[in-house]
Amino acid sequence: MKKISSILISLSVLVSGCSFLEVEPQGIYRTGDYYNNIAELQTALRGVYSTMGVSALYGQMYSGRMAQWGDLGYSNYSVDRGTVAENAVTTSDAKIKGYWQALYAGINNANLLIANIDKAKDVDEKEKASILAQARFLRAYYYFMLTVKFVDVPLRTSPVTGSTVSDLQIAQTPSPKVYEFIISEMEVAAQDVEPISKVTSPGVVSQSAVWGILARVCLYNAGNPNNTPGMYAKAREYAAKVIDSGLHSLNPDYKQVFINYMQDLYDPQESIFEVEFYGNNKSAYNSTAGQIGRCVGPRNKNIDAKLGYCLGTVRSNQYHWNLYDETDLRRDWNIVSYYYDAADETNVISLTNTFGKFAGKFRREYETLLPRANDATPTNFPLLRYSDVLLMFAEAYAADIDAPASDEDKAYECFNMVRRRGHGLEASVPSVDVDYAKVSDRTEFLYEIQDERARELAYEMLRKDDLVRWGIFYDRMHSSEMNVPTTLSESNYQYAARYIDNVDRKDVRWPIPATEMSVNSLLVQNEGW
């Protein structure tokens, strides 16, 4: 299936100020000369979208090398020793710096588009409103990614147009205020984006995507560190909008959800919002691929491997394995019990030590685009799936002591639909063997939902943030359940032990990058850093 070009074609660089050249270089535009028609607005919007696919974010680092799997695994990659990948965070960590800078670059692109959109003439007002809504949502989403990691962050709502001290220095906005901005912007955006049934792919912001992400934003705002009142009710409200739209359902086959990502197949009923990648960087589109499946997947270090080169940098652990029962089909997809012989990929080697098995989810042997490049894959990355929406509704009920009893049946049904599909059953048909029975203690139900999120959403870069917002990150990482067995090979033992031992209480947030502190004297470093 052809990917939409609206995300994958690189944006021409937008710059401000005067050129020192007499001849205008091609492909470079001053903002004063741009945003004049629908084509230029669409190109600018592509630049806002493209942020998510850069190497510092889902293109490589954030999707596989920044320890976002929390208690479900560990990093085993010598190149990443002493970095955030091993929970060895410092203020000079290049990956964290890249994360910060990439998101603010995306925010500035959005600010430029929003500030200049009214320059365009003879543009269909509905289409213009849709472009503006998408830009506002994406800007808010990038701020969400920032405040989740850094808490208080500078909130810029206008483009940076100069390089003076006043242009560059801005104080942090308290996290509750950042969340207010995010929610307000997303609520406005929801009014002018299209239903998912009318967009070209799940890579485009739709009403379902906005509502579903709003549910996530509200859940995070309800949890640590803000604990904002009323947010669980809003999370249920927005999750219900997705559920009640009638546009979504669970794919009957759990593993097929991820095979679809690897084979360029869209499934908007299940996959509501995703980062789009295209090709293998061996054609005219030589910068549109990503690296999904190169870190998370069964190791295959054969150069130019026919089945797909994979570093296999993320290992699972015993705790994650034990979360599944024997009939849960998700276990053997999310946790890989084999790898490919480094000398001959036709030789598949089985693994028995549960703590040493590889994180699954994305398996390059399912890619249909040939040849499979060593460092470029066409696989999309899921940002929001329908199963997540169902679990968010259930959680927003279980965690809220003020939730009405009338939401109970719906919360349990949402939860059990995910469980049934995970066991290979029809999601909408009750099962006495699989369904979780109602309990009088909502806290007990909440704990089960927390475990179910691990079973369902493993390695989709949500787990650490879940543990942080639940207020259990440090304690979970140092619990007896995370003990590293001495039966591991020496190398694996050392990597696994470091990944856990490096976790400190201050790791619930990342430090403001040292480079940002050096250029912005108004920034205040996060506690403990």
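Fair warning: this is a prediction, and the values are worked out from it, not measured in the lab.
Ser55 pairs with exactly one of Lys95, Gln291, Gln60 by the side chain to side chain donor-acceptor pair (under 3.5 Å) rule, that one being Gln60. Of the candidates Phe258, Tyr58, Phe273, Tyr58 is the only one forming a ring-ring contact (aromatic ring centres under 6.0 Å, His included) with Phe381. If you run side-chain contact (heavy atoms from CB on, under 4.5 Å) between Asp71 and each of Glu481, Lys464, Arg463, only Arg463 comes through.
The OG atom of Ser184 sits 7.0 Å away from the CZ atom of Arg136 when rounded to the nearest 0.5 Å. Rounding to the nearest 0.5 angstrom, the gap separating the CG atom in Asp402 from the OH atom in Tyr397 is 12.0 Å. Here the CD atom belonging to Glu180 is positioned 8.5 Å from the CG atom belonging to Asn221, to the nearest 0.5 angstrom. Taken from OH in Tyr278 to CG in Asn380, the straight-line distance is 12.0 Å, to the nearest 0.5 Å. One distance of note links CG of Asn109 with CG of Leu113; it measures 9.0 Å at 0.5 Å rounding. Separation of atoms CG (Asp501) and CE (Met477) is listed at 10.0 Å; rounding is to 0.5 Å.
The backbone N or O of Asp388 sits nowhere less than 3.5 Å from a side-chain atom of Arg216 that would complete a donor-acceptor pair. Under the 3.5 Å distance criterion, the side-chain polar atoms of Gln172 are left unmatched by any main-chain donor or acceptor of Val153. Judged by distance alone, with hydrogens and angles left aside, the side-chain atoms of Asn116 form a donor-acceptor pair with the main-chain N or O of Leu112 at under 3.5 Å. A donor-acceptor pair under 3.5 Å links the side-chain atoms of Tyr499 to the main chain of Gly70, judged by distance alone. The backbone N or O of Ala458 lies less than 3.5 Å from a partner atom in the side chain of Lys361, making a donor-acceptor pair. Checked by atom type and distance alone, the side chain of Gln207 pairs as donor or acceptor with a backbone atom of Ala190 at under 3.5 Å. At distances below 3.5 Å, at least one donor-acceptor pair connects side-chain atoms of Arg455 with backbone N or O atoms of Leu323. With hydrogens and angles ignored, the 3.5 Å screen pairs no side-chain donor or acceptor of Asn334 with any backbone N or O of Gly360. Checking side-chain atoms of Gln191 against main-chain N and O of Ala189 turns up no donor-acceptor pair under 3.5 Å. Using modelled atom types, one side-chain atom of Asn37 and one backbone atom of Glu40 make a donor-acceptor pair closer than 3.5 Å.
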Apply side-chain contact (heavy atoms from CB on, under 4.5 Å) to residues Cys218 and Ile183 and explain how you reach the verdict.
CA-CA 8 Å; Cys218 292; Ile183 293 170; 4.2 Å; yes
Can you check ring pair (Phe, Tyr, Trp, His ring centres under 6.0 Å) on Tyr99 and Tyr62, steps first, answer last?
CA-CA 8 Å; Tyr99 181 95; Tyr62 191 64; 5.2 Å; yes
With ring pair (Phe, Tyr, Trp, His ring centres under 6.0 Å) as the test, would you mind laying out the steps for Tyr459 and His320 before giving the verdict?
CA-CA 11 Å; Tyr459 313 118; His320 186 200; 5.4 Å; yes
Would you sort out whether Val178 and Leu146 count as a side-chain contact (heavy atoms from CB on, under 4.5 Å), showing the intermediate values?
CA-CA 10 Å; Val178 178; Leu146 284 164; over 6 Å; no
Should Gln42 and Glu127 be marked as a side chain to side chain donor-acceptor pair (under 3.5 Å) after you check the CA-CA gap, both sets of side-chain angles, and the distance that decides it?
CA-CA 10 Å; Gln42 290 170 338; Glu127 187 170 6; 2.9 Å; yes
Go through it in stages, so that I can follow the logic: the residues are Arg505 and Val508, the test is side-chain contact (heavy atoms from CB on, under 4.5 Å), and I'd like the CA-CA distance, side-chain angles, deciding distance and then a yes or no.
CA-CA 6 Å; Arg505 291 192 182 278; Val508 294; over 6 Å; no
Just do the side chain to side chain donor-acceptor pair (under 3.5 Å) check on Asn502 and Glu86 with the steps written out, would you?
CA-CA 7 Å; Asn502 284 337; Glu86 287 193 328; 4.5 Å; no
Criterion side-chain contact (heavy atoms from CB on, under 4.5 Å) on Tyr179 and Met231, from CA distance to verdict:
CA-CA 11 Å; Tyr179 271 97; Met231 287 295 108; over 6 Å; no
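A salt bridge links Asp400 to Arg236: one of the charged nitrogens lies within less than 4.0 Å of a carboxylate oxygen. Under the 4.0 Å criterion applied to side-chain N and carboxylate O atoms, Glu187 and Lys234 are assigned as salt-bridge partners. By the 4.0 Å N-to-carboxylate-O rule, Glu460 lies too far from Arg453 to be salt-bridged with it. Note on Asp465 versus Lys149: salt bridge recorded, some NZ/NE/NH1/NH2 to OD/OE distance being below 4.0 Å. Between Glu527 and Arg509 there is no salt bridge, since no side-chain nitrogen of the basic residue lies less than 4.0 Å from a carboxylate oxygen of the acidic one.
In this structure, Arg46 is not positioned above the aromatic face of Tyr49 in the sense of NZ or CZ being under 6.0 Å from the six-membered ring centre and within 45° of the axis. Taking the ring axis of Tyr74 as reference, the NZ or CZ atom of Arg315 does not stay both within 45° of it and closer than 6.0 Å to the ring centre.
For Ser271 and Tyr261, the side-chain atoms include at least one donor-acceptor pair closer than 3.5 Å. Side-chain contact of Thr147 with Ser175: a donor-acceptor pair under 3.5 Å is present, judged by distance alone. Between the side chains of Thr91 and Gln525, no donor N or O sits under 3.5 Å from an acceptor N or O. No donor-acceptor contact under 3.5 angstrom links the side chains of Arg156 and Asn111, judged on distance only.
Residue Ile170 comes nearest to Leu155 through the heavy atom pair CD1-O, 3.7 Å, listed as atom of the first residue, atom of the second, then distance. Contact detail for Gly471 and Asn224: the closest heavy-atom pair is CA-ND2, 3.0 Å. Across every non-hydrogen atom of Asn526 and Pro511, the tightest pair is ND2-CA, 4.3 Å.
Between Asp507 and Trp529, the closest side-chain pair of non-hydrogen atoms falls below 4.5 Å. The shortest side-chain heavy-atom distance between Leu383 and Glu274 does not fall under the 4.5 Å cut-off. Taking the side chain as every heavy atom from C-beta outward, Val188 and Glu185 never approach each other to under 4.5 Å. Annotation: side chain of Lys126 is not in contact with side chain of Asp192 (no heavy-atom distance under 4.5 Å). Within the 4.5 Å cutoff, side-chain heavy atoms of Tyr142 are placed close to those of Thr51. Side-chain contact between Ser63 and Ile292 is present, with at least one heavy-atom pair separated by less than 4.5 Å. Contact annotation: the side chain of Val204 approaches that of Gln134 to within less than 4.5 Å [non-hydrogen atoms, C-beta and beyond]. Inter-residue side-chain proximity for Glu194 and Ser206 is flagged as unmet; no heavy-atom pair is nearer than 4.5 Å.
Environment of NZ in Lys128: crowded, with over 12 heavy atoms of neighbouring residues, nucleotides or ligands closer than 6.0 Å. Other residues, nucleotides and ligands place more than 12 heavy atoms under 6.0 Å from the NZ atom of Lys506. Within 6.0 Å of the CG atom in Asp475, the count of heavy atoms belonging to other residues, nucleotides or ligands exceeds 12.
Remark: aromatic rings of Phe355 and Tyr319 are distant, center separation not under 6.0 Å.
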